[in-house]
Each structure stands twice: as structure tokens, then as C-alpha cells.
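Data first, discussion second: the structure below is written as C-alpha cells.
All heavy atoms count here, side chains included; hydrogens, waters and symmetry mates do not. Here is the naming used below: chain letters follow the sequence lines, and residue numbers restart at 1 for every chain. Note that the coordinates shown come from a computational prediction; the quantities given were computed from them, not determined experimentally.
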Amino acid sequence: MTKRNDLVIRFGGEGGEGIISAGDMVTQAAARSGLEVLTFKTFPAEIRGGYAMYQVRFSKDTVLCEGSVIDVTCVFNKEALDVNIGGLAEGSALVYDYPGGEIKEEVNVPGVFCYAVPMSKIAKDDLGTYRSKNMVALGAVAELFDLPINSIKETIEAKFLKKGQEVVDINFKAIDAGIAHVKENLTKKDPYSMVSGTRKEDTIVISGNDAIGLGALLAGVEFFSAYPITPATEVAYFLAKHLPRKNGNLVQAEDEIASIANIIGASFGGAKSMTATSGPGLSLMQELIGMASMSEVPIVIADVQRGGPSTGLPTKHEQSDLLLAALGCHGDASKVVISPEGIEDCVYLTVEAFNVAEKYQLPVMVLSDGSLGFRTASMKRPDPSTLRIVNRDITTNGENFLRYKLTESNISPMSLPGTEGCAYISTGLEHSESSAPKYTSDNHVAMIDKRFNKLDDLEDFFPETEADCEEGAELGIISWGSTIGVVREAVNMVRAEGIKVSSLYPKLIWPLPRKALDKFLDAHPKILIPEVNKQGQLAKVIQGETGVKPISYAIYGGMPFTPAMIADKIKEVV
Amino acid sequence: MTKRNDLVIRFGGEGGEGIISAGDMVTQAAARSGLEVLTFKTFPAEIRGGYAMYQVRFSKDTVLCEGSVIDVTCVFNKEALDVNIGGLAEGSALVYDYPGGEIKEEVNVPGVFCYAVPMSKIAKDDLGTYRSKNMVALGAVAELFDLPINSIKETIEAKFLKKGQEVVDINFKAIDAGIAHVKENLTKKDPYSMVSGTRKEDTIVISGNDAIGLGALLAGVEFFSAYPITPATEVAYFLAKHLPRKNGNLVQAEDEIASIANIIGASFGGAKSMTATSGPGLSLMQELIGMASMSEVPIVIADVQRGGPSTGLPTKHEQSDLLLAALGCHGDASKVVISPEGIEDCVYLTVEAFNVAEKYQLPVMVLSDGSLGFRTASMKRPDPSTLRIVNRDITTNGENFLRYKLTESNISPMSLPGTEGCAYISTGLEHSESSAPKYTSDNHVAMIDKRFNKLDDLEDFFPETEADCEEGAELGIISWGSTIGVVREAVNMVRAEGIKVSSLYPKLIWPLPRKALDKFLDAHPKILIPEVNKQGQLAKVIQGETGVKPISYAIYGGMPFTPAMIADKIKEVV
Amino acid sequence: MSTNTPMKAKDYKSDIPPTWCPGCGDYGVLNSTLKAFAELEIGIHDAVLVSGIGCSSRFPYFVKTYGMHTAHGRALPVAAGLKVARPDQEVIVFGGDGDGFSIGGGHVPHIARKNTDITYICMDNSIYGLTKGQMSPTSEVGMVTTTSPYGAPDNPINPVSLCLTYGATYVAQAYSSEGKVMQELIKNAILHKGFSFIDIISPCPTFNKINTFDSYKGNLERVPEDHDATDLMAALALANKPKARGEVITGLYYQVERPTLLDRLDEVRAKANASDDFDPNISIDEYRP
Amino acid sequence: MSTNTPMKAKDYKSDIPPTWCPGCGDYGVLNSTLKAFAELEIGIHDAVLVSGIGCSSRFPYFVKTYGMHTAHGRALPVAAGLKVARPDQEVIVFGGDGDGFSIGGGHVPHIARKNTDITYICMDNSIYGLTKGQMSPTSEVGMVTTTSPYGAPDNPINPVSLCLTYGATYVAQAYSSEGKVMQELIKNAILHKGFSFIDIISPCPTFNKINTFDSYKGNLERVPEDHDATDLMAALALANKPKARGEVITGLYYQVERPTLLDRLDEVRAKANASDDFDPNISIDEYRP
Ligand SMILES: Cc1ncc(C[n+]2csc(CCOP(=O)(O)OP(=O)(O)O)c2C)c(N)n1
Ligand SMILES: Cc1ncc(C[n+]2csc(CCOP(=O)(O)OP(=O)(O)O)c2C)c(N)n1
Ligand code: SF4
Ligand code: SF4
Ligand SMILES: [Mg+2]
Ligand SMILES: [Mg+2]
């Protein structure tokens, strides 16, 4: 059997049945063994019950996204079988709990290799602990598809040893029981067998939310305040643990308005400050985002988007807060929106978000999303010593100090409390250069121009827009956020078929990176913008700014694109 | 001397010096005498001190806007003189407080007819009450420019008689003193003399904010909740007084979030419900606007825009909440934005806002602005019996009742608490037709489509978009809100000079009235969009939706356009 | 409030099975509530249960009456608007400690001071359940949670004490396992004219490992027989007696009568000579110059 | 907190003249505050005055120190973040009754329970001044205002009582015309470690025609000599004694010491073995598979 360089496995079952921990285990183990990994999870919005799903992709090479085809589906219960059975790919494999579990008859799907593993039964009857069902399943799957069993055991040991050798042993026994069942009762029929990797010392496996926390830590965040909300809360978990270690402070605020108020106060005091939230919180923060813009206080807001509007689909995937982030706030407020495509971006673009906020003295939003936030993936370990860290321009010179001075760069000197001769009033009222209330026409025009024009050179300062252009391509794709990884893979797929296509990956979403964008638009008569929202939000924004009419490919079923969907669309419109 | 059909008078002085009441008096009086009137006011953002201005335009015909040229400027103090002296039009008249007031020397402006009236002195020395200064000024101005003195006296009597005959007498004496001063000491040099009108019985004079309150009353509002905010609070004043008279209820909420929550609850209960706010409040309401959209609860929100962002310029004019109103809310939320051009629209479009909200079961925003809200103007008295009143489709039939049923019109039957067999959960979670939580892809797609598609026939239901097209015109202007009146006058001006131009006056701003708009865009290769905000918000929205690139004429000095500005721009781009 | 055939608790159960974890305290609250409904013969279509967001805020889905599942922290003002518009409906708010006293904490004082004619039941588990275990405004100092790995730094608030100070006219404390006591308190809260509040300790076995059913054992007291429930100071003293979150005194702390929001709005309308036939032309007349 | 040459009250005055109406109670508060500053020798560049929106919230402009004029109702959480980031600064919040207890009312309980190390001075005029005279949360029932032409329907809240219940550790009441008393209370509030609150009755002669300087004449009392300011129940009793808004008992109601927010965050950092030299590689290591 030839080994596969790339394999996608999905585990499905009831939330709480250990789907997530089994998935995490095999993900960690695979990464430990030197494979690249990327996971995708969906949870029910309820604490208990409901279908949960954990999907992991292993690869020898960089993994760009969740993938198009699920090679192996492993279902823990009847609901998971029902949810998945209709979508099983031709030639893929299914592992299911039978007999002795919820599934009452043998499953046969034409074209699908089906393996019955009595997970519940082995766990309950042979091992005496129903909770070990997930490890039995994991053992069976590992054996069937050549996953690194040693690494899995090492991972179990690393994780459970602090709970005692018995816990490790119980898990080992369950894994072994799964392996044994396969060896003794099943015949391998499918062609999937994962290649093995070589352990790399500089790999880490981290979730998107943790990565944003880590980015903040590396950027030098000193103060963080947030209110819990799915799917953003893990950013706070990370910082709750790590920020105090470097003498920073985390405050859990009474609501999102308080949390953004907290960070505005802290930033006025000189601390690099951040909050993290999701859509409902971003809505509540609108007034104070405008205030930070008006009073020119640097703050960073991570918005991990979820399905909307209102409470919507709190645990589902959507990219639908862009219009609010870019065009929200009453009045004309200048602000910046940045969007990471994957885990590495979550780290490095969060650092850049701080750089932009500190340099330009305004609110910067980092738009992540639920599937990216919950995703864990392997990446090269970041080296803190190599990062660009930009700090705000602090004045200690009280001579002719004007907090809102109209300068050539339109960026004004900022002072910190405690500095003699530099006192001023940070204010949301329209103000003079010295910060006194001032309502004249000329002043309002000058100040509003200043606040917008200071961003004129932003694209040069933050040039992370990547253009992957192909000579002679008519079609250009523009994508954003976590859709980018999917598009990258789709572009590779269609190019392999000889289709000419270019692709633009803007990381700066607002204000639009006009130099790179206009060049790309000029070069491609046809523009396709795939995104996961109803209104085609980026398409709307780009059309609104440039007048170019893109083809909007908007899906909004709470799930990300697959590369195959994008590839098909490319073929349709090219 | 030939009589003028149109005259603009401006009063300027310190807030609190009676500028506003003098202005109101002459406005009421002129309307009483049968003239059409329209006023424009600016206040300082502080309670006391600072420059206040009251401008009134009188005409034999309908007044469309504030006008371009101030014919008569009457200043009460030094600051008002300083603010206005630079802008006095050639051939206009100036009346100023001298000698004995703050202005210490005679004023001579070349080309301007200057009249010194010792208002302070007469009030203090001759009448013994400094507070009557404004009436002295009013008497002088009335005498100088042939304003209807009898009507002024009638108005004074009507207003003050309840306070006692002495109060009336004091005011009469002050008026007479002003008149006498002019008669005895001044020679008329300027050409301004207002024609007199014929009293019409069916005229009312009302402010924009009161007119919105009246519109709500006529629409059948039953519940109103708001939190005070400049320049919207007068909507609440109107309803505080009048709503209880028809058995409705007004609640002053603890904040804007509570006020929109209040009306969502009341509307769920079946009451036509409304709130009124300005930018900062609209920002705070974003989450619950999305909730009303998601749970399909009809509500009306009047947003009287002011200068932004943040606290901004609370008493200044701006049209800068459009992007937030149309594109705000996290997630994809359907909602409607309507914008009145003048006082009559404030009445009738508020009625229509209720009609749209009730029919389509969603949040409808009425975007007024500070200058329109504070403006008073004459209009034909509305006849309540002739209004179209649309009520929501209420079901009492419990058989197969599904609150969020997918129907052909995409509008679902709504039931009211108290109705047997029709219980349901109004919810901001994504839901099934029966209102149970439901997170599947298909369901989210179906429900989000429903919420957007139900507006497909909105333009037919609310066709208030007026196209004033001229055969062969290349240039089409599109304007919104209170800028429309200014554009109407500018169009008349340039057409009188033989310039061909068309003009579109959309009252439905979001979703855009695509039938009327596309027709207009198709017919005019050049589109000009004047508006009072930094970003060219309507231009952005139209370009974002249609791809047509308009010429954006955006001003943002806290003041409305004048017809002359628009006319000049037309000539420049035509 | 009455129907033809006598209602049973189960008649109020909806088709949607509760999504709470096994052992969640909220089941007890649901049971006692439905029993209280049955006892009062609440009409299924004459009550609206309003909630915000949280595990506890899923409550309305599990009951057959009308309901509103609103936004996090906003149930009270939604309910208040509804009650003013529909005084004929029984309006009852259910929610959690975070929903009510953290993000929603700005509304409670105003709902209470106005003596808004609704009942508010807070299912207090000293944790954010739905978002998986962060400290809440009633969490003890030092409690280790996902957002307080080194221990919660903040003193908890006392919901009973707060509502007493705000001017609620019926204030009680209950405990999820004391079904009978709870049922009686809920019944009387619904019967009460004005704003009634019950803080129900409703443990979250999944995320709160400190305030558990076990930990409350032996720490429960009843409001003393001789407590004067019309004495605000006595009620406040009682509310401030427990030294920690683990000690609970259940029962009625306070109940008085004073004009409610609906009474006061009636007065307003009376002063305005309210009439359903009011002719808006009268209002328009005031704008004749 | 000290400078070289002794400071005078006028040294703290900024170039911006107050925009308040003649006779506004806020002038008195400003005067006493500046005198307290001078007495404490507050460093002009070591204090930040934070406010929301309202007539009273213009306060920071009239003082030479650093300041933040934020959004309506948000001064407290802004100040809290600032204080955590800059414990070296004296952070004092000034605002109105509407700003603090209506739109901002959701923040007070949390700032207080955390014993946040700031001083909060509420200039309470029982009206919305800046927006020209609507009823406020401390307006009396029946008060006729622009939004209550038939009389205010809502019972007022009692800011002193609220802050006591929330867990503030210094709570006082003052009156704008009692300069000396006010100055002393402000001084001690600033000196207090933890969250200190003073409700200062500061009449608005322009819009509140009920609670005027005249109306308070003869209705003022001082906190009795024998009042035990460490006894919460005694403080609550005192706060609930006045029968109407027109009766005022000025003085210190309550003062105790307990760990402040900064203390508690220090503990958190101590548990985390905080160090300025912390190597983030240690955090990164935890993510190795
Ligand atoms: C505006 C907003 N912020 C945050 C959230 C996330 N959220 C949902 S429930 C919840 C807290 C739940 O705690 P509680 O109210 O105590 O209810 P419980 O789940 O414990 O019953 C939070 C923070 C949200 N839905 N909306
Ligand atoms: C979000 C928001 N809502 C409403 C307002 C309007 N507003 C400004 S000040 C104020 C009330 C002022 O009352 P108070 O806080 O008591 O201060 P005072 O003027 O009486 O000193 C209001 C409602 C605002 N600025 N922002
Ligand atoms: S998480 Fe806690 S509160 Fe939520 S359902 Fe489970 S036990 Fe109950
Ligand atoms: S309106 Fe009232 S509170 Fe405001 S400055 Fe004037 S007197 Fe003071
Ligand atoms: Mg809870
Ligand atoms: Mg006030």
C-alpha cells in the first residue's frame, strides 16, 4: 500500500463524549511525530447534547485549510452517523460504533469502506469504563490508518501522568483494546495509510485563540480586559494565565462596554491594551470604538466572528462582522481592520495590530473567526527576538505641547500622565490642538481630516498584502480571513489542471490597501470574491471604494468553504 | 420700494439672551400673517455662554431650505458681530447693538447697510429690564423690514397672556420702543421690505422633532421609550405630552439599550413602538437592532443625527450615521432606513416608517438630523383621516401556527400573547419555523434569505423616491435627508440659467430603491452626490451596491449646504 | 389566570427537552416553577417568560407559554416594555447571575425602583455556565476558574441585598433542592403586585466545583419565624448575615406594597385625561401659529 | 503627591473658564476640590480627572491636571483601567447623577465590589442638566420636567445607600454650599485606600426648580457625632433616614479597610511569579506537542 502524504479524519459524536479530547490527542501526537496538522471543530451551542465534530488533517507539508474530502469518518453514535452518512465521499472510510452501541444495524454504504468497531461495548464490557470509549476508537483508527501509535502513547503520558500512573494505564489499555480489535477482527480494505514524519524540535501546536493571546504577549501587551463570549473567550484564558507572569494585568469586566472602557483608560495611561470579543460584543463597543478614534487612543480589539446576527449561531463559522468593523460607529470614525488567514497570522498580525495601533493612535480590530479560533494547527515556533515591535511616540517635552497638534504626518505627540507640562484632556468632544472643546467648522474639518489622513501611509507601514499573480490570468480572486487558506489550496488545484488564475490575499482590510488592490484590479478583468456571509461584505466594501464589480461568491451555512467548492467556482467563472 | 417675496433674517448673540425666543416669535407671527417660514438654529453645546444663532426665512411660496444669502443680520453682542461680520453679503443689512452694549464703536462695512440700535441701552435704561432686549431688537427689525407687527403682537399676546397682562405689556412696550427708535433715528437705506401674506387657516408651524412625534402619534404609536440626547430629545417631549392623552405610555429608560429593549418587548406584546435617539445612542443600540431583525419584531427608531464621531459636536449638523444605520450590526441583519427631507416628511415618513416596520416585521430607522430636528417651518395641517395606516398581520388561528413560517412573501404570521394555540419564543438565536433553536446549514440559509428577501417588494410598498428628470441632462444629482431641500433650490437656480440637470430624491435609503435608482443612474452618465459627512456615505453605499462611481461632494464643517454651494458645484461638474 | 380543567405541572412542559447537564440545579427550578404555575392555574397563553442568554436563560424554551429569548443582560428591560404594553399578561423573567448582575446589572436598579410589575427569578450558580466556567459576579474571592487561574480577585455582590436596596417590593432567597420552599416563594412572587425578585441558588455541577450541592449541605438555614418581612433594615441585616457564598438563608426577606409602575402610568394618563377616542386634531391645533 | 512650593487652590485652575450657569452648585464642588488638592499638595501632573458627559462632567477641563472626558456613563470603567495600568496616579472621577446612576449605573456595583482604588464624586442635582432638564434617577416622584409633564412616575434611587450595598469602603454625603465639610470629605476620600464615593447635592438652578438652594435651607443635618462609620447597618440606616430628597444628612457614613483591586491583582501576580524579565519562550514551550 502506498503511503499518503495527506489525510483527513473526522470524529463525530455527542458533545461531551470525548470527541474533542480524542481529536486533540491524535493531533498532538501527529505533530509530535513530525507531521503538520490542522483541525476543525464544531460544537453545539448548548453545553450538553447535540452533535460535536472534530476533524483533523495530517500532512507532510504545510496544511492550508480543512481540506475538501474527508478520508476517514469515525462516528461515535447514531446522530453522528445520520449527520455524516449522506456526505461520505466515494472511496473514503467509515468507522462506526457497532455492535453494542446506539447504532443498531450494520452499515453498508456503496463505495465506502465501512469498519464496525464496538467502541461502547469494549469500553463498557471489557474495560468497565464507558468514558474510555473515545480512546478505544482512537486506537482502532490509529491502527487502521497507520497513525503514530507511539506518539499517541507519549502524548497520553505527557498529559495524564500528573493525574497518576493509573490514569495513564487506563488510557493505554483502551488504546490497546482498540488496536487489538482491529488486528483480530478487521481486514484493511481501503487505501489510506499515513506516511510518518520526522520530529521537528521547533514546532508548536496552538489554537487560533491562543495564538492571538500569544501574539499580544509578544507584542508587549500590558493590560487586557474582556467579557467572556464564545468563540473568543480562550484569548482571555491565555492571557489570564500568561499576562500576570510578565507583570501585566487582566480584568474580567462586567460587560463589553466596560472592557473597552477599561482598555481605553489603561492605554491613556501608557499601557499596551487589548480586549477580545465576538459579534454581540463588537456591536456593544461601537460607541467607545468611536471614542478611541476621536480621542486618538491606541487599542486593539480581537473580534472572533461567529454566525449572526444577534445571538445567531454562536458556535458556527461566519465572516460577517466586516461591515460593522469597517463602517460602524456613528459619525465618521477612522479605524483599522486587520484579518489573519491562519494560526501564524494570529500570532504575527496581532503583533502588527499593536504596532499599527501604537503608531497611528487609534482602534485596530483583528477579525478572526470561530473556525480559526477553535482550530489548532502546527506552526514553526515563533522567535520573540526577531519581531518588529513599534511603540507609540511619547513626548516628555512640555514646551508648546499640544496633544492634538496638526503635524505633517497627522500623528500628534502623546504624553503620559506623570509628565510635567504635558497635561491635557483626552476627549471625545471635537477639540482644538490643545484638547479644549472647539466646534468651529474649520477646526472640525481640520481634525477630521487629520484623523483620516494619518493613515495615508498605512499600507507602506503594514504591507502584508500578498499578490500571487499568474501571467495572463483573466480571473483574480480576492479573499480574506480564514477563507484565504482554502483559496490557496483551490488555486493550487486548478493551476495543476492548467487553469490560469491570480489571487490576492489582503491582510489589511480597512482602509483597503489601495496600491496593491488597484494594481490587482487593473490587471484582472474578472474578480471573484468568496466569503462566508450573506451580503458579500468584502465585495460590497471593495465595490464601494473602487467601483469595480466583483463576482461575489457568498455562502452562509455556518461552515467554511472547501477547496473543491472554490475550485469549482473558479472553473465556472474563469 | 418693491416688496420682497423672500427674506432671510439671522439673529445672533449669546445663548440665553433671548435669541431663540425672539426668533420663534417672529417666525410664529409671520406664519400667522400667512407667510411660509423655515428656520435654522445653532446652539452651543454648553448650557450657557457661547454663540447661538437663529435664522428665519420668510416667503410667499414654499420654503425649501435655509437659503444662500442672509438678507438681514441682527447681532446682539460683540461675539455675534465678530462671527458674522466676515460673511455679510454685499447689499445686505446689519442691525447691531450700539451704543451702550458690548460693541464699543460704530460699525461700517462697505456695501452693507448698517443700522445701530441701542438694544441693551433701551432695555436697561428706558425699560428697566435687560431681558427685554430681544423684543427691542425684534421691534426694530420688524419696523425696518416691514415684518407683520400686528401678528407679532398677537403672537405675544397668545403666548404671554396666561402669565398675566403685565407680561404682555412689558413685551409690547419693548417692541414699541424698538419701532420708535427706528422711526425716530434711522433712515431706511436698504431695499428689503417683506411682502405681506394672507392668513391661511390650515397652516401649522412645527419643528422637525415635534413633527416626528406627531407622525408617530398619527401612525398610532402606543408605546415610546427613550433616553434623552441632543438633538433628539424633543421627540420625547412631544410624546410625553401627547401620547398619554390617547392612552399610550412613555417610559424614560435608564439608557439607550434599555429603551430599545423596552420597545422590543412592547412590540412583541402588540403595541406599535418607537424610540428616538442620536448617534451615540444608535451605536449603543446595535446589538438589539440586530435582535429585532433576527426575531422579526417591528420597531421604529428615529435617529436625529449630530456631528460625530463620539460626543463630537452635539449641537451641529451632520449626516454621518448612514453607514452605521444601513451596514451596522454584527452578522448580516436586514433592516430599513428612511430619511425625511423636511418638516412634512418628518410627519408623513414617520407614519410610513411604522407602516414598513409593521408590514415587514423589522427595525426601521428614520434618519433625521440636527438642523431639521431644530428647524421650525410652516406646513399644511395634516389630516389624520387621510393617512395610510398599515397594521401588522396578526394571526389568531392556532392551527399549524408557525411564527417563522417560510411563506411566499417571506413574511410570517405573527401572534400576540393571549392568543390560544399560538405561543412561541421570540428569539435572537437562529431558529426553526416554529421558533426552536436550530443551527443546521440549510435552516440558517433559508432563514437569512427569508429575512432579506421579504424586502423584495419594499420599493413598491414605499415608493417615495422622486425623480425630477430633465430631457437631455447629462448630470444627475442624488441627495438625501435635509440636503434635498437645498438641492431642490439649487436645481431651480441653475435651470433658470439654462443648465440641464436632473435630480433624484430617494426617501428610502436602505435597502436602496433599485428600480428608481438604476433607471436614474442609467439615464445620467454623470452623478453628483452632495452630503454632509466626511466619507461620502451615500456615495459609498450607492457605489457599493451598483458599482456606479458618483462624484462625491462631501462637506463636514458642522453646517448644512447652501443652494449657492450646490449650484456652483453643478456648474463646475456639469 | 384561570382555565377550565385544572392544570398539572407537566401540562406546561413544552416539546423541547431541557439541554441542561445532568444534575444541573436548573431542573429543580423548572419543576417548582411549573408546579407553581399549576397551582396558580396560569393560562398557558397568558404568560410570557422572558430571558437573556445563558444556560438558565434557555428556560422559556422548555415551557409551553409565550416566551422571549432575548440578548445577554437585556431580559429585564424587554420584559418591562412588554408589561407596560400588556398589563394583562403575567411576565416572568428567568436568567443567570452573570446575565442579571454583570452585563444586565445596570437595568435591575431601575426596574426595581419603578416597582415594575414583573417577577424576576435569578438562577444563581456563581459561574458563567453557558460559556464554560468563568468567574461570575457572585463567585467567591479566590475561586479558580478559566479566567481566574490564580483565583478570582473580586469580592462578590449579594443579589438579595442589592434588590432590597434598589426598592424591590418582594425579595426572597431559595435553593434549588428545596422544592417546596421554592415553589411557594415562586407562587407568592407571581401573586405579588410590583417587582418581585428571587435569588435561587442553583448549582452548576459541571463548572462550579466550589458551590456544589454537597457544599451547601449543613449550611442551609430558613428565614427565622419572627422575621418582620416589612422591615427593610431587618431584611438587609438578614441578607448580610451569611459570611460566605456557602451559607444560605432561604425564605421571604421582604414584602411591602407601594404604587407600581403600572399604577404610576395610570396616574399619568389620568392627569392627561386619557381617552381611546382622543382626536389627534387637538394635538395638531397646538401648532397653529 | 508632593511638589516643591506649597500649592494654592487657584494654581490648579486651568485656562478654560467654567461654562456652568451662574448659581450652579458645581462651582462650589470645584472650589472645594481645588482646595482639597492644595491641602494634599496633589501634583498637577500626577492626577487624572475622569468624567463622562453632562454639565458636571465638564469638570476636568477646568483643572490643570491630566483628564479624560469620555462617553456618557463610562467614566468609572475608563478610570478603573487607568488606575490598574498606572497605580502611581491619583484617579478621581467626577460626574452627574444621570451619568453615574442611569446610563452608568451598571458599572458602579463592580467598581465598588472590587474596591477599585479610585475616588468617585457624583454631583447630584436630581436632573439632567446638559440636555436641558429631564427627570433623573434621583428626581422625586411627581416632579414635572420636560419628559414628565404630568409628573415623574419613578421612585428615585439613593446613591449613598447603593454604594454602601455595593461594597464601597468610603461613603459620604455632602452639599455644595457647605464648602468646609465638602473639602474635608473630598480630602479624606482621596486619602482613602480603595473605592471612595461622595454624593454631593449640587443644585441646578436652571432646570431643577424643586431641589433648590432655598429648598435645602432648614433641611440639612450633619451625621451624628456618635455614628459608628465602620458599622454597615448603621450607615444604611442613616442613608435611609431622610424621607425625601429635600432632607440631607452630610458627613461620613462609612469607612472601612479591605483589600483593594490593586492589592488583589498584586496577589495574582505574586501567585504567577511575576517578573518584568519573564521570557515568553516559557509560555511558548507549553505549546510544544
Ligand atoms: C453581549 C454578549 N456578551 C457575551 C455573551 C456570552 N455569554 C453567553 S451566556 C454568558 C454568561 C452566562 O452566565 P449566567 O448568566 O450566569 O448563566 P448560566 O449559564 O450560568 O446559567 C455569556 C458571557 C453574549 N451572549 N452576549
Ligand atoms: C450615549 C449617550 N446618551 C445620551 C447622551 C446625552 N446626555 C448628555 S449629558 C446627559 C445627562 C446629564 O445629566 P447628569 O449626568 O445628571 O449631569 P448634569 O448635566 O446634570 O450635571 C445626557 C442624557 C449622551 N451624551 N450620550
Ligand atoms: S453548564 Fe452548569 S449551569 Fe449549564 S447546564 Fe450544565 S450544570 Fe447547568
Ligand atoms: S444647567 Fe444646571 S447643572 Fe448645568 S450648568 Fe446650568 S445650573 Fe449647572
Ligand atoms: Mg451563572
Ligand atoms: Mg444631573
Side-chain angles (χ1 to χ4, degrees), chain A residues 44-46 257 278-280 282-284 286-287 290-291 293-295 305 307-316 318 320-321 323-324 327-333 427-430 437 439-442 444-445 448-449 452 533-535 537 540-541 543-545 547-549 556-559, chain B residues 44-46 257 278-280 282-284 286-287 290-291 293-295 305 307-316 318 320-321 323-324 327-333 427-430 437 439-442 444-445 448-449 452 533-535 537 540-541 543-545 547-549 556-559:
Chain A
E46 290 74 25
I257 298 179
S278 185
L282 194 70
S283 279
L284 287 171
Q286 288 305 306
E287 188 194 12
M291 186 177 90
S293 173
M294 183 69 149
S295 55
Q305 300 163 96
S310 193
T311 308
L313 301 93
T315 59
K316 294 284 180 153
E318 217 167 80
S320 56
D321 293 349
L323 291 171
L324 178 67
L327 304 174
C329 293
H330 67 278
D332 290 294
T427 177
L429 263 185
E430 191 55 284
Y439 316 123
T440 62
S441 291
D442 291 352
H444 186 43
V445 170
I448 216 165
D449 282 345
F452 276 87
N533 58 56
K534 164 74 181 173
Q535 295 176 86
Q537 299 199 356
K540 234 188 235 312
V541 168
Q543 184 166 322
E545 295 298 302
V548 169
K549 288 187 179 186
Y556 41 101
M559 295 284 280
Chain B
E46 289 74 25
I257 299 179
S278 186
L282 194 69
S283 279
L284 286 172
Q286 288 306 306
E287 188 194 11
M291 186 177 89
S293 173
M294 183 69 149
S295 55
Q305 300 164 95
S310 193
T311 308
L313 300 94
T315 59
K316 295 286 181 151
E318 217 166 80
S320 56
D321 294 349
L323 290 172
L324 178 66
L327 304 175
C329 293
H330 67 279
D332 290 293
T427 177
L429 263 185
E430 191 55 284
Y439 315 124
T440 62
S441 291
D442 290 353
H444 186 42
V445 170
I448 216 164
D449 282 345
F452 277 86
N533 58 55
K534 164 74 182 174
Q535 296 176 86
Q537 299 199 357
K540 234 189 235 314
V541 167
Q543 184 166 321
E545 295 300 301
V548 168
K549 288 185 179 189
Y556 42 101
M559 295 283 282

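- Listed by chain and number, the residues in a side chain to side chain contact (heavy atoms under 4.5 Å, CB included) with B/P309 are A/M294, A/A333, A/R451 (sequence neighbours excluded).
- Contacts with chain A were tallied for B/L323, B/L313, B/L282, B/T427; B/L313 has the most, counting heavy-atom pairs under 4.5 Å.
- Heavy-atom pairs under 4.5 Å with chain B were tallied for A/V548, A/D449, A/T315; the largest tally goes to A/D449.
- When every heavy atom of A/V445 is checked against every heavy atom of B/Y556, the shortest pair comes out as CG2-O, 3.5 Å.
- The shortest heavy-atom contact between B/Q543 and A/G547 is NE2-N, 2.9 Å.
- Not a single side chain to side chain donor-acceptor pair (under 3.5 Å) links A/Q286 to another residue, sequence neighbours left out.
- Side-chain contact between B/H444 and A/E318 is present, with heavy atoms from C-beta onward closer than 4.5 Å.
- Put simply, of B/V541, B/T440, B/D321, B/D442, the one with the most heavy-atom pairs under 4.5 Å next to chain A is B/D321.
- B/L324 and A/H330 make their closest contact through CD2-N, 3.5 Å (heavy atoms, listed as atom of the first residue, atom of the second, distance).
- With contacts defined as side-chain heavy-atom distances shorter than 4.5 Å, the pair A/P314/B/L429 qualifies.
- The candidate from B/P437, B/S283, B/S441 with the greatest count of non-hydrogen atom pairs under 4.5 Å with chain A is B/S283.
- Residues B/I257 and A/L284 have side chains in contact (heavy-atom distance under 4.5 Å, counting atoms from C-beta outward).
- Listed options B/K534, B/E430, B/M291, B/M559 were ranked by heavy-atom pairs under 4.5 angstrom with chain A; first place goes to B/K534.
- Contact of B/Q305 with chain A is not made at all, since no heavy-atom distance falls under 4.5 Å.
- The minimum heavy-atom distance between B/S320 and A/D332, with the atom names listed, is CB-OD2, 3.6 Å.
- Chosen from A/G312, A/S293, A/C329, A/G308, the residue pairing most often with chain B at heavy-atom distances under 4.5 Å is A/G312.
- By number of non-hydrogen pairs under 4.5 angstrom with chain A, the leading residue of B/G279, B/S278, B/S295, B/G290 is B/G279.
- Using a 4.5 Å cut-off between heavy atoms, B/K540 contacts chain A through both its backbone and its side chain.
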